[in-house]
Amino acid sequence: MEADASVDMFSKVLEHQLLQTTKLVEEHLDSEIQKLDQMDEDELERLKEKRLQALRKAQQQKQEWLSKGHGEYREIPSERDFFQEVKESENVVCHFYRDSTFRCKILDRHLAILSKKHLETKFLKLNVEKAPFLCERLRIKVIPTLALLKDGKTQDYVVGFTDLGNTDDFTTETLEWRLGSSDILNYSGNLMEPPFQNQKKFGTNFTKLEKKTIRGKKYDSDSDDD
């Protein structure tokens, strides 16, 4: 009996909260409609023009990004190209890869998807064998590594799959969330809740490059098939 009473009380509280929320939404909509009704033709025209300007600005920004190579996941041939590409764009993700490391191919698939979704960010890849100076300068020792750059400066690194749930089967959204956590792309989800399939197993801690143990003198890989 007590359990039934508790359930009934909880249901009533929940119903009351839903009614209150619905009432607030309706009041807000009524207020917005009233504002529109009270506008004269000149005010409505100014509002329309303001929105058109915003749309034109967004379209111009999109075209500018596309002209700089955004919207696709591209390989660059040399270190010199890297510096030029980074200088042109505010947000850049560069995948430092090696052909023999199979986990690099896993990243390729996800990065190709994200490059089309997030035009605000430039997505590149560079073979570490062609960039010894750059890898030394950026302290890139573990492959794969994503260098995340903002305004021409390295802001963060994603080293291996540690930050992606420690699994080869991470989702594209998981990588999207990780990049959004570094403000390299616009992530629309909740940054406080990693979309790992099993958070208890994988945890939520980041492992940045400066905290990573560097093994050996050449490029190490967390791949098993080297």
Side-chain angles (χ1 to χ4, degrees), residues 54-55 57-76 82-83 85-97 101 103-126 128 134 138-212 222:
L55 288 172
K57 185 177 180 180
Q59 184 62 26
Q60 289 173 355
Q61 178 66 83
K62 178 181 178 181
Q63 292 303 319
E64 181 181 347
W65 283 331
L66 291 174
S67 71
K68 293 179 179 179
H70 293 228
E72 58 180 333
Y73 177 46
R74 297 181 291 116
E75 179 161 10
I76 50 177
F82 172 86
F83 290 109
E85 294 277 2
V86 167
K87 185 170 63 176
E88 289 179 350
S89 300
E90 179 181 356
N91 299 310
V92 177
V93 174
C94 187
H95 175 199
F96 287 85
Y97 81 99
T101 303
R103 288 196 172 99
C104 292
K105 296 176 175 62
I106 295 174
L107 271 181
D108 284 341
R109 185 174 69 253
H110 295 295
L111 291 170
I113 294 171
L114 292 177
S115 68
K116 293 177 174 58
K117 181 177 179 180
H118 291 278
L119 296 183
E120 73 276 9
T121 303
K122 178 182 286 185
F123 289 84
L124 306 171
K125 62 185 298 188
L126 178 59
V128 294
L134 193 55
L138 298 181
R139 298 179 59 224
I140 293 173
K141 298 291 184 181
V142 177
I143 304 301
T145 286
L146 300 181
L148 315 182
L149 303 103
K150 183 174 284 289
D151 296 322
K153 297 180 181 179
T154 307
Q155 177 166 300
D156 199 359
Y157 297 91
V158 180
V159 183
F161 292 173
T162 303
D163 294 352
L164 305 174
N166 261 340
T167 174
D168 294 345
D169 298 324
F170 66 88
T171 64
T172 302
E173 186 185 2
T174 296
L175 178 57
E176 183 181 22
W177 161 81
R178 177 62 182 87
L179 299 178
S181 298
S182 295
D183 196 30
I184 291 298
L185 52 74
N186 300 327
Y187 180 64
S188 60
N190 185 356
L191 289 173
M192 301 303 294
E193 296 183 6
F196 296 155
Q197 295 175 349
N198 187 340
Q199 293 187 35
K200 290 183 179 180
K201 177 180 178 182
F202 298 133
T204 59
N205 293 327
F206 292 163
T207 303
K208 296 184 180 179
L209 186 61
E210 60 269 25
K211 297 180 181 179
K212 186 83 173 180
D222 54 2

L191 side, atom CG; S181 side, atom OG - distance, nearest 0.5 Å = 5.0 Å
Using the side-chain hydrogen bond (donor to acceptor under 3.5 Å, both in side chains) rule, pick out the option among N91, T121, D156 that qualifies with K150.
-> N91
Quick one: are L146 and L111 in side-chain contact, heavy atoms under 4.5 Å?
-> yes
Interatomic spacing from CD1 in I76 to CD in E85 - rounded to 0.5 Å | 6.0 Å
Got a second to check how far L185's CG is from W177's CH2, nearest 0.5 Å?
-> 12.5 Å
Between L119 and G71, the two heavy atoms sitting closest are CD2-CA, 3.3 Å
To the nearest 0.5 Å, atom NZ of K57 lies from atom CG of L55 at 12.5 Å
Does atom NZ of K62 have more than 12 heavy-atom neighbours, drawn from other residues, nucleotides or ligands, at distances under 6.0 Å?
-> no
Taking Y157 for the side chain and I140 for the main chain, is one N or O donor matched with an acceptor at less than 3.5 Å?
-> no
Identify, with sequence neighbours excluded, every residue that meets ring-ring contact (aromatic ring centres under 6.0 Å, His included) alongside H110.
-> F170
Rounded to the nearest 0.5 Å, the CZ atom of R178 sits from the CG atom of L164 at a distance of 7.5 Å
Roughly how far, to the nearest 0.5 Å, is the OH atom of Y97 from the CD atom of E75?
-> 3.0 Å
For a side-chain hydrogen bond (donor to acceptor under 3.5 Å, both in side chains) with Y73, tell me which candidate from H95, R109, K122, K116 qualifies.
-> H95
Y187 side chain near L179 side chain, heavy-atom distance below 4.5 Å | no
Paired with S89, the side-chain hydrogen bond (donor to acceptor under 3.5 Å, both in side chains) test is passed by just one of H70, E64, K68, namely H70
